[in-house]
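I have placed the structure first, in the form of structure tokens, so that the comments after it can refer back to it.
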Amino acid sequence: MEESLTVCRIMQPGDANVSGNVHGGRILQMIEEAGMIVSTRHCNVGMTEENNCICGLARVEHTDFLQPMFVGEIAHLHAVATYCSAHSIEVKVDVHAENLFKGEKRLTNQATLWYVPIKEGNIVCNVPPLVYKQPEDEMAGRRRYLKQKTEREQVDTNAPSMTDNWAMSIDVPNRNGEMHTVGNAQSSLIHLVGVQDCGVHGWAMGGVAMKLMDEVAGICAIRHCHTNVVTASMDAVDFHQRINKGSLLHVRGRPIFNSYKSLLIQVIVMVEQSGKNEHGELDVILYCACSAYFTFVSLSSERKTLPIPPLKLHTDDEKARFEEGQQRYKKQKSLRSAM
Amino acid sequence: MEESLTVCRIMQPGDANVSGNVHGGRILQMIEEAGMIVSTRHCNVGMTEENNCICGLARVEHTDFLQPMFVGEIAHLHAVATYCSAHSIEVKVDVHAENLFKGEKRLTNQATLWYVPIKEGNIVCNVPPLVYKQPEDEMAGRRRYLKQKTEREQVDTNAPSMTDNWAMSIDVPNRNGEMHTVGNAQSSLIHLVGVQDCGVHGWAMGGVAMKLMDEVAGICAIRHCHTNVVTASMDAVDFHQRINKGSLLHVRGRPIFNSYKSLLIQVIVMVEQSGKNEHGELDVILYCACSAYFTFVSLSSERKTLPIPPLKLHTDDEKARFEEGQQRYKKQKSLRSAM
Amino acid sequence: MEESLTVCRIMQPGDANVSGNVHGGRILQMIEEAGMIVSTRHCNVGMTEENNCICGLARVEHTDFLQPMFVGEIAHLHAVATYCSAHSIEVKVDVHAENLFKGEKRLTNQATLWYVPIKEGNIVCNVPPLVYKQPEDEMAGRRRYLKQKTEREQVDTNAPSMTDNWAMSIDVPNRNGEMHTVGNAQSSLIHLVGVQDCGVHGWAMGGVAMKLMDEVAGICAIRHCHTNVVTASMDAVDFHQRINKGSLLHVRGRPIFNSYKSLLIQVIVMVEQSGKNEHGELDVILYCACSAYFTFVSLSSERKTLPIPPLKLHTDDEKARFEEGQQRYKKQKSLRSAM
């Protein structure tokens, strides 16, 4: 059985912004679809029907958008299963953009995703073993597995606290009108999870959430920069809880830090659905499905990067988050220069 | 519990016409979705699970499109529950368009919608009371409720009468109500060729026409068979002329022949566009872009093929086409058995 | 340079009918997209920028749907360029459906398509030569080329004749070719209510009907004005009856009145579904789900409102409806000025 897959798709006007740049979120969604197919295929080989499972996205590692992709180009996504633990599977996806006229193919993304196989009744399944070419491949995979496991546990403490009004209120505070403040760029959108978001299972595919997160982050970036903005990277994201069909997603973004040429945006996905509250009564329940940090750059009409207007900080919280964002920025920068 | 909701969404090329104006219908659809969420949320608070309901749209009051909205702008929809009667709920929705570059926000619509909560088994539910800020709000709401109730009853007398040929005929002149005639299944649809149909060039991709042709053929087959119908084959199709962006497609289908287990449907795509006629005057030009023959089969709920109800032929033309269809059927059958 | 391509895509609910069978038209559309990519890629290799071209679909050979494809399966499309004449290119596409659970892959379609490369200014380009594995491949390709060329010429004589009323009439019985009559703009479309129209419940959301109504009204307005038309208002609409999944909507519009700068269009939604009639027999049931009045305005390329061409009225019914429309117009105008 093949453990790899190549998906191609021609990029349509609906996949891009008005400048013709394909949305980073659209690319993330295609990456996730390719990863889901490869991991689900791996987990079902040789299984009896009652053990059929679908792989749900658990985590995406930090991914850089190395090159832009344009409308009319062909996106080629090559996905390979690269490591399996007892209950999770790692998939690597390379994305190339092909220009049919010039005949050139450019690497635009390299992503690493972790999936967990789930069967009827929300039960986690065992992952069949993967055949590695060399024993070193398995050892290196195991190191990546342990590293992300540690990070996942840390990230949970970073999730929005129950007292963070921005995250927990169903409507967001008003924008205040002053240019280049956090409040001015802060954005949110609401999405009702429909049948078309859910494939054959009853929950939304991870790529749907990532596409919406990138959309909100892009709106924040446009509001701050007023230019053609494009996704430069997405930090590692953990998917804490399933998103069910019929639930409401509140996707919120706010800029938290800017360097000379990049803008860091925090995005969270809050899920609203009916359920029982602590008193056993039916109530509206609100939980965080995932959160992410997106980096955007601003482009001139000649597609040159432009300086980012400095963020105006007012509250102590905004200043603390700016500090935190700066740490993230420096860490990423040192990781890149170490490569 | 909050009784309001703000939904934002970025307007994509597929939401607008070729001039970039967002379709009024797309805005109405977003308004209705926001209203549905607010009303459904209101009706489910404090309910036990067996009383969970979904709100169905009962009425939309007159709504003006005050300002245009354009591709690339953000639509902000603010929905609030404003009045509740025993079995209906009024929601007001304000729509603003935000131009991210200019930073300006314009009011584009103000709509009032009435919803009715419905649970499993099509049962109308009770609406929980609404808390009003002031007693006058409730009284004003009650007046609006009574006014629309009166109008609803009037409007019923305005509905198309059973003798209005335009309303009551199913699509075609020669439908006479008799089942299994050609006229009874004959169908057509109109499609405006938009940006999303055209990729990067200015004309519709061939696949768009084929998808529409299969859609019309499928509708003909459903109307003839009233079962789960699936495409069995498509005969060779030639694409005679380009279909330009902004032109109107008239896609028409009619059954022309049936064998014991298959139904042959002829489909044509006529293109309507403005242009100069032979006298140099502005006129509507109509040409055939392509035509095709589709074969459909009818399936039972166990996915077994079912016999096709025989076509009832009335006119000489219908009989001649049936003859012609039979020749095609025999030719295909002999080609298949020769393979 | 590669002359082949494999496209895969997971089949979503929106690609299929309510029984889960992927529409044949959706498969044809994916086939055409794969063929377009392979042929366009072939024709642009080694070309200078001014000779860049896009391949337009010229013909699809007879294609059988050998096996059904279902929602949740992966469609694999493998496209290969198989023959080139001076100005056309033949592409063969094999389609397989992969069931991720069973791990099985079934051949569902084999299609042969002919493309013609076209550059700016609608000029047909030369096709670069193809390298064949064996000389016999080129000879067999040439035979297929000549065969289809002969058939194409035959088919042209089969195209709908200018006297075929079914093909040549624009949609409605009383169109007589005269511009600016009611019959000339009157339009209708058929829509099959699918899973994606229905949210989580089994019936269509009200917003779906409003979007279709605005679409038909817009088509009427374009056919009357031949300009960029936009929705100005929608009168109050009542939703009389639920619209169930799987039913057929007949959405019809006709202009009924024009003022100097506005056009009033009446739209109705008739629902067709199978059911038992008063005699207990299976019959087609037709009812009106809702009706509405839309007002459209016509815009110049500088987005200034333009005068509306006066409606030419022929029948007494048309005159009576014009009168009624004028009352509506006056009433709305006085309501607006009273605000």
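Quick note on labels: first sequence line is chain A, next is B, and so on, each numbered from 1. These numbers come from a predicted model, not from an experiment.
- For C/F296, no part lies near chain B; criterion is any non-hydrogen pair under 4.5 Å.
- Among B/R242, B/M36, B/H23, the residue making the largest number of heavy-atom pairs under 4.5 Å with chain C is B/R242.
- In this structure, chain B has heavy atoms under 4.5 Å from both the backbone and the side chain of C/D235.
- For a residue to count as touching a neighbouring chain, one of its non-hydrogen atoms must lie under 4.5 Å from one of that chain's; by this rule C/V251 does not touch chain B.
- Contact count versus chain C (heavy atoms, under 4.5 Å) is highest, among B/M234, B/E61, B/Q148, for B/M234.
- For chain B, the nearby parts of C/M210 are the backbone and the side chain; heavy atoms of each come within less than 4.5 Å.
- Contact annotation for C/L28: both backbone and side-chain heavy atoms come within less than 4.5 Å of a heavy atom of chain B.
- Among residues two or more places apart in sequence or in another chain, the salt bridge (Lys or Arg N to Asp or Glu O under 4.0 Å) test is passed with C/D214 by none.
- Taking chain C as the reference chain and counting heavy-atom pairs below 4.5 Å, the highest number among B/H62, B/E215, B/Q332 is found for B/H62.
- Proximity to chain B (any heavy atom under 4.5 Å) is shown, for C/L66, by neither the backbone nor the side chain.
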request  = Take C/F65 and B/V297 through the side chain to side chain contact (heavy atoms under 4.5 Å, CB included) test and state the conclusion after the steps.
outcome  = CA-CA 11 Å; C/F65 292 77; B/V297 293; over 6 Å; no

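- Of all the listed residues (B/L212, B/I118, B/T295), the one sharing the greatest number of non-hydrogen pairs under 4.5 Å with chain C is B/I118.
- Taking B/I219, B/N109, B/V230 one by one and counting their heavy-atom pairs under 4.5 Å with chain C, the maximum is reached by B/I219.
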